Amino acid sequence: MPKITRDQVRVPADVMPEMRDTYIDNYLKATRETGRLMLFACDQKIEHMNKDFYGEGIDIADAEPQHLFEIGKQGTIGVLAGQRGLIAQYANDYPEINYLIKMNSKTNLVKTSQEDPYSPQLYDLDTVLAMREAGVNIVGLGYTIYLGSEYEATMMAEAGELIAQAHANGLLVVLWIYPRGKAVTAEKDPDLIAGAAGVALCLGADFVKVNPPKPEGDDTRTPFEALKVASMAAGRTGLVCAGGSTVDAETFLTQLYNQIHTGGACGNATGRNIHQRSLDEAVRLTKAISAITLGDASVAEALEVFEGKKDFSL
Amino acid sequence: MPKITRDQVRVPADVMPEMRDTYIDNYLKATRETGRLMLFACDQKIEHMNKDFYGEGIDIADAEPQHLFEIGKQGTIGVLAGQRGLIAQYANDYPEINYLIKMNSKTNLVKTSQEDPYSPQLYDLDTVLAMREAGVNIVGLGYTIYLGSEYEATMMAEAGELIAQAHANGLLVVLWIYPRGKAVTAEKDPDLIAGAAGVALCLGADFVKVNPPKPEGDDTRTPFEALKVASMAAGRTGLVCAGGSTVDAETFLTQLYNQIHTGGACGNATGRNIHQRSLDEAVRLTKAISAITLGDASVAEALEVFEGKKDFSL
Amino acid sequence: MPKITRDQVRVPADVMPEMRDTYIDNYLKATRETGRLMLFACDQKIEHMNKDFYGEGIDIADAEPQHLFEIGKQGTIGVLAGQRGLIAQYANDYPEINYLIKMNSKTNLVKTSQEDPYSPQLYDLDTVLAMREAGVNIVGLGYTIYLGSEYEATMMAEAGELIAQAHANGLLVVLWIYPRGKAVTAEKDPDLIAGAAGVALCLGADFVKVNPPKPEGDDTRTPFEALKVASMAAGRTGLVCAGGSTVDAETFLTQLYNQIHTGGACGNATGRNIHQRSLDEAVRLTKAISAITLGDASVAEALEVFEGKKDFSL
Amino acid sequence: MPKITRDQVRVPADVMPEMRDTYIDNYLKATRETGRLMLFACDQKIEHMNKDFYGEGIDIADAEPQHLFEIGKQGTIGVLAGQRGLIAQYANDYPEINYLIKMNSKTNLVKTSQEDPYSPQLYDLDTVLAMREAGVNIVGLGYTIYLGSEYEATMMAEAGELIAQAHANGLLVVLWIYPRGKAVTAEKDPDLIAGAAGVALCLGADFVKVNPPKPEGDDTRTPFEALKVASMAAGRTGLVCAGGSTVDAETFLTQLYNQIHTGGACGNATGRNIHQRSLDEAVRLTKAISAITLGDASVAEALEVFEGKKDFSL
Amino acid sequence: MPKITRDQVRVPADVMPEMRDTYIDNYLKATRETGRLMLFACDQKIEHMNKDFYGEGIDIADAEPQHLFEIGKQGTIGVLAGQRGLIAQYANDYPEINYLIKMNSKTNLVKTSQEDPYSPQLYDLDTVLAMREAGVNIVGLGYTIYLGSEYEATMMAEAGELIAQAHANGLLVVLWIYPRGKAVTAEKDPDLIAGAAGVALCLGADFVKVNPPKPEGDDTRTPFEALKVASMAAGRTGLVCAGGSTVDAETFLTQLYNQIHTGGACGNATGRNIHQRSLDEAVRLTKAISAITLGDASVAEALEVFEGKKDFSL
């Protein structure tokens, strides 16, 4: 896959002139000079609490949070996304990782049937900029919006302001957008997913992470055809799909390949599928994923990487 | 239609003296030196999500957001209204368009029966001023108020403050005002629409976008006669009507002509009717609309423009 | 009526020393050097929307907002009270009027049975001070509190802070206080009205506008005797009564005379009774009202003024 | 009663060094150099509206708010507590009084059965500091917390922040703490009152005003024995009891004596019992109260003062 | 137990470079140069009001708040945790104690069945930094989060921002995290406790105080085995257990020993178990606890300390 050059990076008009070079640096770092994003999602310790990290079917290595950073260091990823505090506790020992600070999070204790979801912004951007200033390799921010929640307004406003401020300071922004709430009956409805992609664009995000659409009833399109409509709706915002719960590597890699090559996706966002494995296996999986996302490999080639038969690094 | 001069622009008393020239520049740009407004509404990717852009009866070109900017560039419009992020992603490639930043937006997922509508301000004015400073051709702001909603207070306060700040900085403001909420039984009641127009004036807006009033029952006035009362109530705030869903061009242009010449409207605000068409047809429709709004053409002349038999540019 | 001198103006202790002269100027302007207030209320385009300005029994002149400013210019008033935006759109053409900026407003669409009333502050004081700085003749602020509403706390706090800031900057403040909400069964109960007057004093207002009390049941006092108790409770805060809906001039002027001479009121606050008339009649009514309020005329003298048999100007 | 010296004033650690002398001045003024507090409560015009000031059994003098200031001037008190605006309107004419600014207040219109009580902060501390700067003799602040209300959190936070800021600026703080709300079944339960006293200490108040505890059922302690536990729980925060509705002077003075000498109270907080009387009687009552609180007199001696047989001044 | 050196202190990446030495100082003070935390919890006067301090089974010494500070002075502890105001009133007389300012607190009056718990932040960090500047020996902050409450979002956001600010200023942060609210059926469920520990890490806390997990049903692990999973989930955030209500010393010390040596806990957080005793006994208990936590003593050795047979100091 050909590397993109500094000139090829399209800088949004809300990046202030003096931060243009910083934005380009961060874009090239995050996409490993490919324009595609391999996002390693490490924010589930709040989102799903400890159940994603300990229990049946999960390698015991995952019980210790340092596991995430070892994968980030030894594997091949674009960015490691996690909450500010998590990264503050480990970043000094893992300075080579590109960090994406997840700005909001909620636990899954209160269910939608009790109250529509709201994920609060947990710290001001200033605290993140200070960390960057102090030397942490932060390339961007993440924020989750639950569209259709009764708290949609608050999240839209927090995200809207964050993107403006982040761009002004040369940082990328990835939005996680999930339709969810009492008003939402089918969270993966293709129209909704495409709508979510368009919302991300209107807010000015650089990338948007959505769930893969699920055509149902009369809709005879494949999920990847439906995804293509969402990718178009996202316009200049790159679309990536959430990885979901752990499946076998071949299924996972095939799906990813189709998301990119049929669905128009611009990368991947993967968490549990990676970190619930042993360190070695997890590292190999990051390389296999990156082979497809960042190296434009075929599924077969990626599987060879996963099986350790060949390497993929950048 | 005679051009208005700098001296003829009536500058509100809350435009700070040092921003007086900027306000006049923006007013002349937005109205193309006519005092009338041709607003191309491109904020529906949040308001209506993807259903306005993809599906039966919609040209496939509309699935890609760049379509909006191509129309804005090739067609004849006063301003292109869209969210800050959308404009940030494309403005560098379309520097000639006059942009109006829509400051708030909501999706249509939560219905009024579940909760009264609130459309949150999505970013501070400072972030918009910074974009202007960085070179984006921003001439004004837009904001939607749902009068009669239980959240009316929040939107009134956000709009009231925004107008003060926008004027102080030389920017125009267009309010979208729709009566909506459990307390509102007839959203297009002529008294309500006229009331909305008066509210816009009291808040100090330069233009207000309302739905065309719909006289019912004992009220035997034509819609355009009823609109005239609203235009009067708006005083020095120019009134324009929302375009609504797509209809055939002749119906649309006739309606617009009557809104201006009988109803006292001061222009138009049109979105779906334009962008759901192919690029070529959409461009011709913007010219036909502008022929009426900005060129004081007859319906017949405008139809000729739409049919490509004559051109209208400024 | 003898004019009061600068020395006779009692300046509250929260007027900062450097703004003492400004406060005295504003007090003398607003009261036309009488210590009494003739307030022309022009805030109903939000409060009552267009129904106060157009319809049966209302002169067609009132449909155009400029009517209000013509009355203010040609008539005799103390201050014209209206929202910031309304005044910003006309003040440059009517520089001689003393303006009182109404800082909050709500429509009447949501009824108390649905939700207790809250009238939001629509702009920061800074935006008003900037307008004053830019040359608009602003002498004071107005704010409405609905006592007994579930949102009483928010309005009390907004008013409390505004008065402190307004005085610090040399501006007068008039509070509109109406008991209203599910907890209030008799909005014009004399004890409540007197209580409202005392609240205005505790918040530090210069004047308070209340509804005339209505003694009922065992309470055999006249409304004006009951009003006297409220005027006493107001202490150093001058009390004026709301004018209410339009009645014939004689009834209106007699009532006003009694409010002042029996009820201890310190002026009047009149809107619809004035502006729903033709310009000529409205102008004469302002003069008749001012004859009583500012000139200490009898009802008979005031009626002669209203009938155009004699003039009253200051 | 021996006077305390500057050295004996215990200055909290959150009084900034440069404000240490100011704090000591204010403490000595407020306690008239005794360490005990005689607080004249004049905040009921909002709390109880006009019913505390006009009606059967209330001297007509109380209908005019100036009555409060005349009592403060002619009587013997430690501080006069009232809202900022009230004090702003009269303080210039009564410069000798020590003022305590009541920072929050609510009316009694909305009952607890409709909504739990919340008393909002009515103005920023800055506005109070500005008044002090402009020459008003302000020695401290007051704030009411309704413990057990669903709005407890907001009041606790406002109080917590105010105390920090007030101390930093050399001002004293008196908290009024009343358990009240749907969760509170016995507002004068001794455990609750002692708990309230402890809360005041944890927030850092200098004095706390509570209702006298009322032992019931198996609790055979006298109210004054129960009060002693609350006084202990208050630690270094001085505890004073609310005076309640008007009773005869002897009952009142005996109760106060016991609150101090058995209950460990550190003064009194009295309003209606004083101001509902004629000026002369009210003045004598302040002296009688102060004889006990500030002069360590016996009940008999205090009664002689009340009856005008001897004087008590400081 | 070997002392840790300055170089061994792991400083989070959000401690600003100029505050690195301060953070190390505070860490060494709080942990008495051991890396373990002995936290003396003195915040219950708000949390549980006076019932923790007065009544059957509680030494009368505890009725006076000074008791807490005497224990802190004469005993052996790491930090004394209490609200800002409490510490402000006593710190000048107890300068040798390491203080941890509890930033939020609520009473227990409103039960979860009425409303989900929210504990509000009671003062800005600036007020705490000012106290530190004025000489109070403040080493860190505490904050309580109720996970699963409908107000989780507010507490998460307040905590998230506080930790960032505290670290930036060189202060430690201890989070108290309790799952509680209508959505939480088993507050001590091991998965939930481990989840809470992970949340603390993601927010960047230095230590987290949780309730000891209670395995039930099919879960046959001992509480200490379950605690080990939580300690692992906490990663670089040290985990300590809440002490709970008073039990006999041997039970208490045995439990603590197992929490540390089996459960991986990093210290203790103890309140009532200490202060409800007489001063002498309380002092001995702090030394016994510290013998285990800070001195790595056996239970038998600690009991000897408690019984006064040997001493433990640092």
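Throughout, protein chains are lettered first and strands after them, A, B, ... in sequence-line order, and every chain is numbered starting at 1. In this text, all values refer to a predicted model and were calculated from it rather than measured experimentally.
Contacts of E:Lys51 with chain D are made by side-chain atoms alone, with heavy-atom separations under 4.5 Å and no backbone atom involved. Only the side chain of E:Tyr54 comes within contact range of chain D, judged by heavy atoms closer than 4.5 Å. The parts of E:Glu64 that come within reach of chain D are both its backbone and its side chain, each placing non-hydrogen atoms under 4.5 angstrom from that chain. Looking at D:Ala230, there are no atoms closer than 4.5 Å to chain E (heavy atoms on both sides), in backbone or side chain. In this structure, the portion of E:Gln121 lying under 4.5 Å from any heavy atom of chain D is its backbone and not its side chain. Looking at E:Asp93, the atoms closer than 4.5 Å to chain D (heavy atoms on both sides) all sit in the side chain, from C-beta outward. Using a 4.5 Å cut-off between heavy atoms, D:Ala168 does not touch chain E at all. Heavy atoms closer than 4.5 Å to chain D are found in the side chain of E:Val136, but not in its backbone. Of the atoms belonging to E:Ser119, not a single heavy atom falls under 4.5 Å from chain D.
At least one side-chain heavy atom of E:Leu109 sits under 4.5 Å from a side-chain heavy atom of D:Leu192. Using a 4.5 Å heavy-atom cutoff, the side chains of E:Lys106 and D:Glu152 are in contact. The closest side-chain heavy-atom distance from E:Gln89 to D:Asp206 is below 4.5 Å. Counting only heavy atoms from C-beta outward, the side chains of D:Asp14 and E:Thr127 never approach each other to under 4.5 Å.
No more than 12 heavy atoms of other residues, nucleotides or ligands lie within 6.0 Å of CD in D:Glu133, so this atom counts as exposed by the packing criterion. Enclosure of atom NZ in D:Lys214 is not indicated, since only 12 or fewer non-hydrogen atoms of other residues, nucleotides or ligands lie within 6.0 angstrom.
Of the listed residues (D:Pro17, D:Gly204, D:Ala200, D:Ala197), the greatest number of heavy-atom pairs within a distance under 4.5 Å of chain E belongs to D:Gly204. Taking chain D as the reference chain and counting heavy-atom pairs below 4.5 Å, the highest number among E:Arg84, E:Lys111, E:Lys102 is found for E:Arg84. Ranked by heavy-atom pairs shorter than 4.5 Å toward chain E, the options D:Gly235, D:Ser149, D:Gly198, D:Ala164 are led by D:Ala164.
Summarising the geometry, atom OH belonging to E:Tyr90 is positioned 7.0 Å from atom CZ belonging to D:Arg10; distances are rounded to the nearest 0.5 Å.
Under a 3.5 Å cut-off, the side chain of E:Tyr123 and the backbone N or O of D:Ile163 do not form any donor-acceptor pair.
The heavy-atom pair separating E:Pro120 from D:Met156 by the smallest distance is CG-CB, 4.5 Å. Closest of all the heavy-atom pairs between D:Cys202 and E:Lys45 is SG-CB, 3.5 Å. In terms of heavy-atom proximity, E:Asn50 sits nearest to D:Asp191 at CB-O, 4.2 Å. The shortest non-hydrogen separation linking D:Glu161 to E:Asp124 is OE1-N, 2.7 Å.
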(request) Report the C-alpha distance between D:Asp116 and E:Glu115 in whole Å, list the side-chain angles of each, state the deciding distance to 0.1 Å, and finish with yes or no for side chain to side chain contact (heavy atoms under 4.5 Å, CB included). (result) CA-CA 12 Å; D:Asp116 267 13; E:Glu115 193 176 49; over 6 Å; no

